[in-house]
Every structure is written in C-alpha cells, then in structure tokens.
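Down below is the structure, laid out as structure tokens.
Keep in mind that this is a model prediction, so the values were computed, not measured. Every chain is numbered from 1 and lettered A, B, ... according to where its sequence line falls, protein lines coming before strand lines.
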Amino acid sequence: MSSRALLTEKIAFFCLLLCTLIIVIPVILITAVIVKNGIAGLSWEFLTQSPRLGMRAGGIFPAIVGTVYLVLGTMLFALPVGILAAVYLTEYAKDNWLTRVIDIAIVNLAGVPSVVYGLFGLGLFVVFLKFGASIIAGSLTLAIMSLPVIITASREALNTVPQSFREVSLALGATRWQTIRHVVLPNSISGIVTGTILALSRAAGETAPILFTVAAFYLPRLPQSLFDQCMALPYHLYVLSTQVPNIKPHIQYGTALVLVLMIMIMNIVAIVIRSHFRKKKLW
Amino acid sequence: MKTGKLDIHNVSIAYGEKKALQGITFEIQDKEILAVIGPANSGKTSLLRTLNRLNENKSGFKISGSIHLDGVDIYKDIAVSSLRKRIGMIFALPNPLPLSIYDNIAYGPRMHGKRKKSDLDQIVEKTLKSAFLWDEVKDRLNLQALKLSGGQQQRLCIARTLAVEPEVILYDEPCSGLDPISTAKVEEAMVELKSVYTQILVTNNTKQAARVSDRTAFFLTGELIEIDVTEKIFTVPNDPRTEGYVSGRFG
C-alpha cells in the first residue's frame with residue numbers, strides 16, 4: 001500500500017512538473033524565434049527613421065513614437081480615475097447595492113473582448129464626440145480597457161495595508177482623507193504603481209482597440225496634436241505581416257522585437273519597483 | 001446634574017442584529033483611572049470604541065442613548081476628528097506606523113497643523129519622557145519604530161497619543177502582548193499621567209486593574225453589573241457575579 005502511495009506521489013509530481021514546463025516552452029520559443037529573425041533588422045536607422053518604399057525599407061520610428069504617445073495618453077486618463085476609484089471603493093464605499101453593482105461592472109468590464117472596446121471607442125469617441133480617429137480617441141479607448149485591471153490591482157494593494165494603521169491614524173484625530181493621504185497611499189503605492197505599469201504594458205501591445213480609433217496604416221510624419229492619427233507598433237506589425245507583399249522578414253520580426261522589448265522594459269521597471277519597496281517594507 | 005468628565009447615559013449598541021452593549025449608564029470622573037473588567041464578549045472593547053467613535057465605520061453599527069464629554073454630546077455636537085483628538089486610544093497590540101520614532105510622534109500634531117520643527121522637537125521629547133521612553137531612544141529618534149521591542153513600541157504609542165494633547169486616554173488591554181517588566185513600565189506611566197489625564201483601562205488582567213485603578217467597572221455580556229471604588233470591587237463587591245469573576249471562579 002505504501003509503495004503504491006509512493007508511485008502515485010511520483011506520478012503526481014511528474015504531471016505537475018510537466019504542466020509547469022509547458023508554460024515555459026512557448027515563452028522560450030516565441031522569444032527565440034523573434035530574436036533570431038528580428039535581430040538582423042535592428043539598427044539605429046530602423047529605430048529612428050520613417051518607413052520607405054511602401055514600408056519595405058527604412059525604419060519604424062513613427063510607430064514607436066505613436067505607441068509611446070498612446071501609452072502616455074492612456075496613463076494620463078486611466079491612472080487618476082483608476083486609483084481614485086480604487087481608493088473610494090476600498091476606503092469609503094459601504095457594502096450596499098451600489099457598491100455591489102460597481103463591483104460587478106468592474107468584473108464584466110475586464111471580461112469584454114478588446115475588439116468590442118475598439119468598436120465602443122469608434123462609436124463614442126470617434127463618431128459621437130467627433131474626436132475623429134485620433135490619439136485622444138485611442139488613448140481613451142485603451143484607458144477604459146485598462147481601468148478594470150488598474151482598479152483591481154490598486155484595490156489589492158490598498159487592502160494589504162493593515163487595518164490597524166488606519167485605526168491609529170483615525171484615533172489620533174486625523175480625518176479620513178489625511179489617513180488615506182499620509183498612511184494608506186504611501187504604504188500601498190508600490191503595488192498600485194506595479195499593477196498600473198503591467199496594465200499599461202498590456203495596453204501598449206493591443207491592436208483591436210486602436211484599430212478603428214487611432215491607428216494609421218501609413219503616416220510617416222509624426223503626429224502634431226492629440227487630435228492627429230498616429231502609427232502604432234502592434235497595428236504596424238499587423239500591416240507588415242498581412243498587407244505588404246514581398247517584405248523582408250527581418251523587418252517584420254524586427255518590429256515584433258521592438259514591441260516585445262518595449263513591453264519587457266515596462267515589466268522590468270514594474271518588477272524593480274516592487275522589489276525595491278518590498279525590501280524597505282517592514283510589516 | 002451632569003458632573004463627570006464623560007457621562008454615559010442609557011447607551012445600547014449593536015452590530016446588525018448582534019447586541020454588544022445594553023442600557024449602560026455611568027459617569028467617568030475627571031482625572032481618574034477607571035478599570036473596565038469582564039470576560040470575553042462582555043462589551044469592554046465595544047465601550048471604548050464607542051467612546052471615540054471608532055465603531056461607527058463598522059457595517060450595521062447602531063447606537064441609542066447619549067454620551068457627553070464635558071456636557072457636549074459626542075455623537076451630535078462635535079466633529080469626529082476633534083473628538084478623537086480629545087479622546088485618545090492605545091490599542092491592544094502596539095501599532096506604530098512604519099515611520100521613524102520621531103515621525104510616529106509627530107504624526108498627530110502634524111495632522112492638526114503643527115509644522116514647526118522646534119515645536120515638534122519639543123513635543124517629541126516631552127511625550128517620550130512622559131511615557132518613560134526618552135532615555136532608551138533619545139539618541140536614535142530616526143530609528144524605524146517597528147524595530148523597537150514590543151514594550152517600547154507600546155510606550156511609543158502612549159507618547160504618540162499624548163502628542164495630540166488629549167483629555168481622555170482609552171487603553172484597550174494595552175499590556176496583553178507584553179512581558180511583566182514592560183507591563184510594569186506601562187503601568188508606571190499610567191499612574192504618572194493621572195495628574196493630567198482621565199484614563200479608562202480595559203483589561204483582562206484583574207490584578208492590573210487592582211494595581212492601577214481608582215474605580216473599577218465590571219461588565220458581563222454587554223451589561224454593566226457593578227461600578228465602584230476598586231478596593232471595594234476586589235474585597236466586598238455587591239454582586240455575587242462580580243465576586244465570582246474577581247476571585248477567578250469564572251471568566
């Protein structure tokens with residue numbers, strides 16, 4: 001009987017390990033393929049010049065700039081709304097029907113497919129509000145898509161602050177807002193920032209939400225205002241892969257590599273911030 | 001008519017359906033140490049949290065009756081933050097904020113608008129001395145408060161409460177996590193503070209109540225059974241239940 005238990009144990013261990021390894025394999029393969037095919041395309045010119053010859057030559061500078069603008073715009077809209085909503089929900093909201101409706105809304109918002117956000121952005125920002133296809137319309141669409149993630153991550157971070165910290169502050173006669181400002185936020189900001197960066201890095205790689213709201217097929221000059229269209233890396237990659245015949249693969253893969261690197265850098269920044277604060281954290 | 005520092009009149013509280021205090025009426029005299037004793041679920045902690053209104057954020061909290069501080073109804077006629085400035089609280093577990101010793105004490109005064117470094121320096125020194133902690137920490141005020149020992153942390157919490165110049169201090173089993181020597185130091189501080197503050201001590205340690213308090217109130221399942229001079233409670237109480245509790249027969 002005990003030898004049988006031992007065997008079961010071994011099988012279980014093997015299955016668990018196998019499944020864990022299966023997670024790693026695609027990551028390694030994707031990275032390997034992109035790096036192998038894309039590294040040849042990377043050059044200073046590729047990063048700093050506009051596409052030429054029907055995108056078969058030149059660089060991807062306008063797409064990089066466009067993606068940076070979109071990420072910054074998304075942050076500008078989503079960060080304050082997301083964090084303040086999370087603060088309201090964790091610190092002020094009582095457990096009543098309104099709060100429960102908001103909770104359900106957030107969960108459902110997180111489950112909406114990204115192409116639906118794209119259509120929604122088209123309908124609301126581009127057409128109804130007459131922003132046209134523009135950076136502001138794209139950023140707002142990406143912001144709405146990022147909100148549930150930012151709110152959820154921020155709420156989790158706020159909830160890690162011990163209740164006793166809040167009570168001490170209140171018991172000393174501080175107001176609720178003073179308590180949030182001086183005790184709760186300083187002790188949760190690392191989690192909030194980390195969650196936000198991860199949400200933004202996802203937004204940076206999205207194609208569907210920007211498809212109808214901002215992304216330009218080919219626009220070699222840089223956008224001049226929030227109401228201009230711009231190129232963006234994910235959409236540019238889509239165009240290079242499907243719409244441009246006879247293109248050299250190193251341009252496609254080089255574009256993919258740049259996009260992956262940008263997102264990776266954002267994630268690394270998030271990890272560094274988190275570990276930096278974790279070291280300082282005493283409780 | 002009303003003469004005490006705090007007048008508690010026919011106060012009942014409940015969390016949703018669960019009643020925690022029922023028809024409590026008594027007075028707390030100016031500058032006395034009142035011990036509140038009783039077994040678990042007797043409503044001791046609920047009483048404290050009702051006095052500084054920390055209860056009211058709990059869902060389903062309901063209160064009836066009235067509580068007056070110097071004749072002012074604390075649930076009607078005073079802003080909650082100014083009430084809590086006047087009625088400070090020491091919690092069961094020492095709970096310094098993750099700040100330096102100095103910033104912990106300066107926290108309250110800063111929230112109430114004191115910003116001048118020299119004022120704050122003075123407050124830090126004075127309150128740490130009152131809490132018998134100054135000599136142990138005067139050379140390392142920038143040390144993380146969480147690195148202090150449990151007993152030192154609790155005295156820091158007392159100093160921090162003193163820093164906002166309260167009139168009443170509530171202690172919620174302040175020594176439950178402390179060793180006997182640290183406990184003695186906290187008790188020493190309480191007795192020393194008697195000349196200035198009204199103090200209410202909730203404790204599970206009846207001996208502690210006997211050692212430091214002037215009067216003692218005995219609570220049982222949300223009701224005030226008896227309140228009297230401490231010596232009397234511990235020698236010839238009126239109610240047999242009080243006698244049973246203080247002599248260790250139940251609780």
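Residues of residues 152-161 of chain B that come closer than 4.5 Å to chain A, counting heavy atoms only, are B:Arg160, B:Thr161, ordered by residue number.
The distance from the CG atom of A:Leu172 to the CG atom of B:Leu97 is 7.5 Å, given to the nearest 0.5 Å. Taking CE of B:Met111 as the start and CZ of A:Arg181 as the end, the distance is 8.0 Å to the nearest 0.5 Å.
More than 12 heavy-atom neighbours from other residues, nucleotides or ligands sit within 6.0 angstrom of CG on B:Asp179. Atom CD of B:Glu56 sits in a crowded spot, with more than 12 heavy atoms from other residues, nucleotides or ligands closer than 6.0 Å. Heavy-atom contacts from other residues, nucleotides or ligands closer than 6.0 Å to CD of B:Glu188 number more than 12. For B:Arg110, the CZ atom is densely surrounded, since the number of other residues' heavy atoms within 6.0 Å is greater than 12.
Only the side chain of A:Arg176 comes within less than 4.5 Å of a heavy atom in chain B; its backbone stays farther off. Heavy atoms closer than 4.5 Å to chain A are found nowhere in B:Leu170, neither backbone nor side chain. Only the backbone of B:Pro96 comes within less than 4.5 Å of a heavy atom of chain A; no side-chain atom from C-beta onward does.
When all heavy atoms of B:Ser81 and A:Gly173 are compared, the closest pair comes out as CB-O, 3.2 Å. For the residue pair A:Ala171 and B:Met89, the shortest heavy atom distance occurs at CB-CB, 4.3 Å.
A heavy-atom distance below 4.5 Å is found between the side chains of A:Asn187 and B:Pro98. Using a 4.5 Å heavy-atom threshold, the side chains of A:Ser169 and B:Tyr107 count as touching. Inter-residue side-chain proximity for B:Asn95 and A:Phe165 is flagged as unmet; no heavy-atom pair is nearer than 4.5 Å.
For chain B, the option among A:Thr175, A:Asp95, A:Asn96, A:Leu170 with the highest count of heavy-atom pairs below 4.5 Å is A:Leu170.
At a threshold of 4.0 Å, the pair B:Arg84-A:Glu167 does not count as salt-bridged, since none of the basic side-chain nitrogens sits closer than that to a carboxylate oxygen.
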